[in-house]
Chemist: 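There's a structure below that I have some questions on.
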Amino acid sequence: MGLMIRDKWKSFVKNKKNVVILLLSLLVAIKIPQGGFRLILWILGGVSTCCLVDILLNRVIRKKKISLQSAIISGFIVSGILDYSLDWYLLVVFSAIAIASKFLIRIDNKHVFNPANFALLIAALFRQPLTWNIESNTYLIIIAGIYLAVTLKKWPHVLGFLLVFSSTFYFSGVNPLNMISYFFLFIMLIEPKTSGFGKGRGFAFGSIAGLMSFVMFKCMAQIDIFVSSLIVANIFNALWIKKGQKNVLKSCH
Amino acid sequence: MKVQNIVAGTAVLTVFLLTGCNAEKPAHNKHGQEEHGHVMGETDSHMPSAIPVQNEQEILKNSEVREIKLEAYQYGYSPENITVKKGDVVRLIATSRDVPHGIFIKEYGINFTASKGKMEEVKFVADKPGEFDILCSVYCGRGHHGMKAKLIVKE
């Protein structure tokens, strides 16, 4: 019995999306005493909208069945960062935008932007408050985040971000340890499909996000500094892939 | 999709960002009130007035103008509770002790940024009784999610 449970746990943890979902659920649970019943409904609303739109778009466009783990994660992030006191229709709209962006903004059959982050940028541009309620326990995020960064081989992204973010903020007189969002660093920045692989590219990706966070902090802090910086880093990643493909084609000719 | 498309996409995003930058302006609206019909600002006369100037003057005549100074800091507001009477015209003057912070009151349609060394202000009529959360809408650090104050409008 004990062995069976251990095996099941091992196979559960082997899939890193399960670990992320477990972490997000715990973070929401920690916030429930403050957020109450509305927070639970808000998160469930975000997750179910993302799942429904994902199922619908996959059936219509790709005509295939899919795993809903990515949609669940997107739902958690959108609803966990968007303030839960907002109107319900906004949650539905931004959750739907998150999933739709995966299908609409693509390069070479791969989506460009972290879906939840793209929706949150739109929300920020329309002056909707991003209160980051899901960032309820820093220690839990750091412990799980280091595990995810190492096992997903995303530590160059984390290091690049930390180095540039810390130095720019420190030299401008702001304590970087107070300003940093560990949820952004360990959950959003290292999203596998839109952040790219490799030590050099990962480090550059993280550095660009770190630098853009500082630029946004200085120029347009009202548009979330992390959300906007990740958009720029995602564009950089897409351009890098495109450039790499061109070089391969040239060498073939 | 070609690289040109990405460049076009980036251009669209830049326009969006600039739009977002301008979106701060309603807090300074001169004569009128904002879309929710409660906010009266100071400097920009280009914004449309939802409530005619005549009405604003009537409100000012019949109500008491309450000037309230609000200081935001990592991670709270001083004072924590703002109490006004229903019908008061509230002149909320906000600043920040450290990094930029947001002042968001959903029920009154207020959302603006308070920065260090700057005084931002917004005027509104406290016409809805009750207790309303004042939340920080600009990411300000690890404790951002718990940053809160209260606007109490008494009957």
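Proteins come first, then strands; the chains are lettered A, B, ... in the order of their sequence lines, and each starts at number 1. Note that the coordinates shown come from a computational prediction; the quantities given were computed from them, not determined experimentally.
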Chemist: Output the distance between atom NZ (Lys31(A)) and atom NE2 (His145(B)), rounded to the nearest 0.5 Å.
Modeler: 5.0 Å
Chemist: Could you report the tightest heavy-atom contact between Thr138(A) and Arg142(B), atom names first, then the distance?
Modeler: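 Minimum heavy-atom separation between Thr138(A) and Arg142(B): CG2-CD, 4.1 Å.
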Chemist: Are side-chain heavy atoms of Lys106(B) and Asp87(A) found at a separation under 4.5 Å?
Modeler: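 Yes. Closest side-chain heavy atoms under 4.5 Å.
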Chemist: Within a radius of less than 6.0 Å around NZ of Lys85(B), do more than 12 heavy atoms belonging to other residues, nucleotides or ligands occur?
Modeler: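 No, not enclosed.
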Chemist: For Asp224(A), which atoms come within 4.5 Å of any heavy atom of chain B: side chain, backbone, both, or neither?
Modeler: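 Contact with chain B involves the side chain of Asp224(A) alone.
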Chemist: Does a side-chain heavy-atom distance below 4.5 Å link Leu135(B) with Ser85(A)?
Modeler: yes
Chemist: Less than 4.5 Å to any heavy atom of chain B: does that hold for the side chain of Leu86(A), its backbone, both, or neither?
Modeler: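 It is both, since atoms from each part get that close.
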Chemist: To the nearest 0.5 Å, how far apart are OG1 in Thr113(B) and CE in Met220(A)?
Modeler: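 It comes to 12.0 Å.
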Chemist: Could you tell me which non-hydrogen atom of Val99(B) sits nearest to which non-hydrogen atom of Phe217(A), and how far apart they are?
Modeler: CG1-CZ, 3.8 Å
Chemist: Please rank Leu177(A), Ile81(A), Asn175(A), Ile134(A) by heavy-atom pairs under 4.5 Å with chain B and give me the top one.
Modeler: Leu177(A)
Chemist: By a 4.5 Å heavy-atom criterion (distance strictly below it), what part of Phe226(A) contacts chain B: side chain, backbone, both, or neither?
Modeler: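 Looking at Phe226(A), just its side chain touches chain B.
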Chemist: Would the distance check show the side chain of His144(B) and the main-chain N or O of Leu130(A) forming a donor-acceptor pair, the cut-off being under 3.5 Å?
Modeler: yes
Chemist: Do Tyr139(B) and Met216(A) have side chains that get closer than 4.5 Å, going by heavy atoms?
Modeler: no
Chemist: Working to the nearest 0.5 Å, report the span between CG of Asp83(A) and CZ of Phe104(B).
Modeler: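 Nearest 0.5 Å value for the CG-CZ distance: 6.5 Å.
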